[in-house]
Amino acid sequence: MKNEYIELPVATADGHFVARYSEKGLAGLSFPAARASARAVKPAEIPSQIRAWHRATESALKKILAGNQPKEFPPIELTGTDFQKSVWRQLQKISAGKTKSYGEIAQAIGKPKAVRAVGGACGANPIPVLVPCHRVLAANQKIGGFSGGMHWKRSLLTREGVRVKD
DNA sequence: ATCTTAACTGTGT
DNA sequence: ACACAGTTAAGAT
């Protein structure tokens with residue numbers, strides 16, 4: 001398989017995230033690995049297009065980590081099933097400091113009973129943080145789960161001024 | 001208020 | 001076909 005993906009590190013106060021770009025835009029984002037595998041990439045080898053996207057990614061990521069709403073996002077390339085893309089699209093409509101429940105997302109995409117499947121789609125989200133899967137709480141403001149680690153979800157929500165039960 | 005159960009849907013094997 | 005998942009609402013204790 002011809003992998004056109006380019007991975008670039010994003011240095012933040014929380015560690016080095018890794019952004020993955022396809023030809024269409026940002027396609028994936030990983031939380032800082034315990035063993036930071038910061039591979040050095042020569043700037044000259046990176047297409048200017050991607051460098052521009054990366055600049056936007058870096059900016060947006062840092063703002064969210066600080067609990068603020070980014071004014072601009074890099075182009076995002078979502079790869080997944082139609083259902084998942086529908087869910088992820090709804091997630092992007094949730095601004096910083098706001099939350100929605102799995103049930104509300106399900107209802108928003110016209111499948112009110114698919115609440116559980118929505119949870120699955122969130123867990124399959126390739127771009128955490130920028131596609132705010134962490135702003136989705138269970139019913140009654142209870143914190144649900146989080147694939148990338150519960151501490152991230154809690155921390156991010158706290159920074160955005162959101163209070164969760166427990 | 002906490003625990004147990006049953007309903008429901010999308011996805012991976 | 002089967003089991004699981006980042007759920008939920010309802011019923012029992």
Side-chain angles (χ1 to χ4, degrees), chain A residues 1-5 7 9-10 12-37 57 60-70 73-166:
Chain A
M1 14 175 154
K2 181 77 180 237
N3 226 2
E4 293 278 340
Y5 290 120
E7 294 184 343
V10 184
T12 74
D14 294 279
H16 289 71
F17 284 68
V18 176
R20 183 171 54 213
Y21 297 90
S22 69
E23 306 165 357
K24 300 229 172 187
L26 180 63
L29 183 66
S30 305
F31 284 106
R35 312 166 51 81
S37 57
T57 298
L61 179 58
K62 287 183 178 176
K63 289 217 170 185
I64 295 181
L65 288 178
N68 300 317
Q69 173 69 18
F73 287 90
I76 290 177
E77 174 68 9
L78 260 24
T79 57
T81 66
D82 289 337
F83 177 81
Q84 293 173 329
K85 282 188 278 192
S86 300
V87 173
W88 298 334
R89 188 178 162 190
Q90 287 300 318
L91 296 183
Q92 295 180 68
K93 294 175 60 179
I94 309 176
S95 51
K98 295 194 173 185
T99 64
K100 268 195 168 185
S101 70
Y102 294 95
E104 287 178 294
I105 298 291
Q107 189 173 325
I109 61 178
K111 303 188 177 183
K113 312 284 168 109
V115 289
R116 213 156 176 189
V118 168
C122 290
N125 173 23
I127 311 177
V129 186
L130 290 205
V131 176
C133 42
H134 62 280
R135 300 197 187 118
V136 184
L137 304 180
N140 192 30
Q141 304 303 108
K142 285 178 295 187
I143 196 168
F146 194 63
S147 299
M150 295 292 296
H151 60 289
W152 280 109
K153 185 169 184 175
R154 271 206 206 200
S155 181
L156 288 171
L157 288 174
T158 299
R159 297 178 200 184
E160 296 180 5
V162 176
R163 263 268 201 71
V164 295
K165 238 206 148 186
D166 184 51

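Since the model is a prediction, treat every value here as computed from it, not as a measurement. Within every chain, numbering begins at 1; the chains are lettered A, B, ... in the order of the sequence lines, protein sequences first and strands thereafter.
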*Nearest-Å distance for atom pair CZ/P, residues A:Phe31 and C:dG6*: 14 Å
Please set out all donor-acceptor pairs under 3.5 angstrom arising from side-chain atoms of residues 113-120 of chain A, sequence neighbours excluded.
none

*At their closest point, which heavy atom of A:Lys153 faces which heavy atom of A:Val136, and how far apart are they?*
NZ-O, 2.8 Å
*Please, which pairs that meet salt bridge (Lys or Arg N to Asp or Glu O under 4.0 Å) have at least one residue in residues 121-139 of chain A, sequence neighbours excluded?*
A:Arg135-A:Glu160
Name every donor-acceptor pair, under 3.5 Å, that has one atom in a side chain of residues 140-149 of chain A and the other anywhere in the protein, sequence neighbours excluded.
none

*asked:* Classify A:Gly145 by what it touches in the nucleic acid, base, sugar-phosphate, or nothing, heavy-atom distance under 4.0 Å.
replied: base
_Proximity to DNA chain B (any heavy atom under 4.0 Å), residues of residues 159-166 of chain A only_ = none
_ring-ring contact (aromatic ring centres under 6.0 Å, His included): pairs with one or both residues in residues 147-166 of chain A, sequence neighbours excluded_ = A:Phe17-A:Trp152, A:Phe31-A:Trp152
*Does any N or O in the side chain of A:Trp88 come within less than 3.5 Å of the main-chain N or O of A:Ala121, such that one atom is a donor and the other an acceptor?*
yes
*How long is the span from the CG atom in A:Leu78 to the NZ atom in A:Lys24, to the nearest 0.5 Å?*
12.5 Å
*Rounded distance in Å between the P positions of B:dA6 and C:dG6*: 22 Å
*Considering all heavy atoms of both residues, which atom of A:Ala60 and which atom of A:Pro70 are nearest to each other, and what is their separation?*
O-CG, 3.6 Å
*Nearest 0.5 Å, what's the CD-CD1 distance between A:Glu77 and A:Ile127?*
8.5 Å
*Determine yes or no for a side-chain-to-main-chain donor-acceptor pair under 3.5 angstrom, with A:Asp14 supplying the side chain and A:Leu65 the backbone.*
no
*Of all the heavy-atom pairs spanning A:Ala27 and A:Pro126, show the shortest one and how long it is.*
O-CB, 3.7 Å
*Stem ranges for DNA chain C, with three or more consecutive Watson-Crick or G-U pairs under 3.5 Å?*
B:1-7 with C:7-13, B:9-13 with C:1-5
*What is the distance from atom CD1 of A:Ile109 to atom CD of A:Gln107, rounded to the nearest 0.5 Å?*
10.5 Å
*For A:Lys153, which contact category applies under a 4.0 Å heavy-atom criterion: base, sugar-phosphate, or nothing?*
base
Could you go through residues 89-98 of chain A and list every donor-acceptor pair under 3.5 Å that involves a side-chain atom there, pairing it with any protein atom two or more places apart or in another chain?
none

*Considering all heavy atoms, the nearest A:Ser22-A:Tyr5 contact*: CB-CE2, 3.6 Å
*Taking side-chain contact (heavy atoms from CB on, under 4.5 Å) as the test, write out the residues that go with A:Ala66, two or more places apart.*
A:Asn68
*asked:* Using side-chain contact (heavy atoms from CB on, under 4.5 Å), reason through A:Val164 and A:Thr99 one step at a time and then give a plain yes or no.
replied: CA-CA 10 Å; A:Val164 295; A:Thr99 64; over 6 Å; no
_Testing the basics here: between A:His134 and A:Leu156, what is the closest heavy-atom pair and its distance to 0.1 Å?_
CD2-CB, 3.6 Å
*Considering only heavy atoms, which members of residues 79-88 of chain A lie under 4.0 Å from some atom of DNA chain B?*
A:Thr81, A:Phe83, A:Gln84
*Which residues, if any, of residues 116-135 of chain A bring a heavy atom under 4.0 Å of DNA chain C?*
A:Arg116, A:Gly119, A:Cys122, A:Gly123, A:Cys133
*Using the heavy-atom set of chain A and a strict 4.0 Å cut-off, write down the first and last nucleotide of DNA chain B that makes it in, 5' to 3'.*
B:dA7 to B:dT11
*asked:* Generate the contact string for nucleotides 8-13 of chain C. Rules: B means base contact, S means sugar-phosphate contact only, - means no protein heavy atom under 4.0 Å.
replied: SS----
*Report the distance from atom CG of A:Leu157 to atom CZ of A:Arg163, rounding to the nearest 0.5 Å.*
13.0 Å
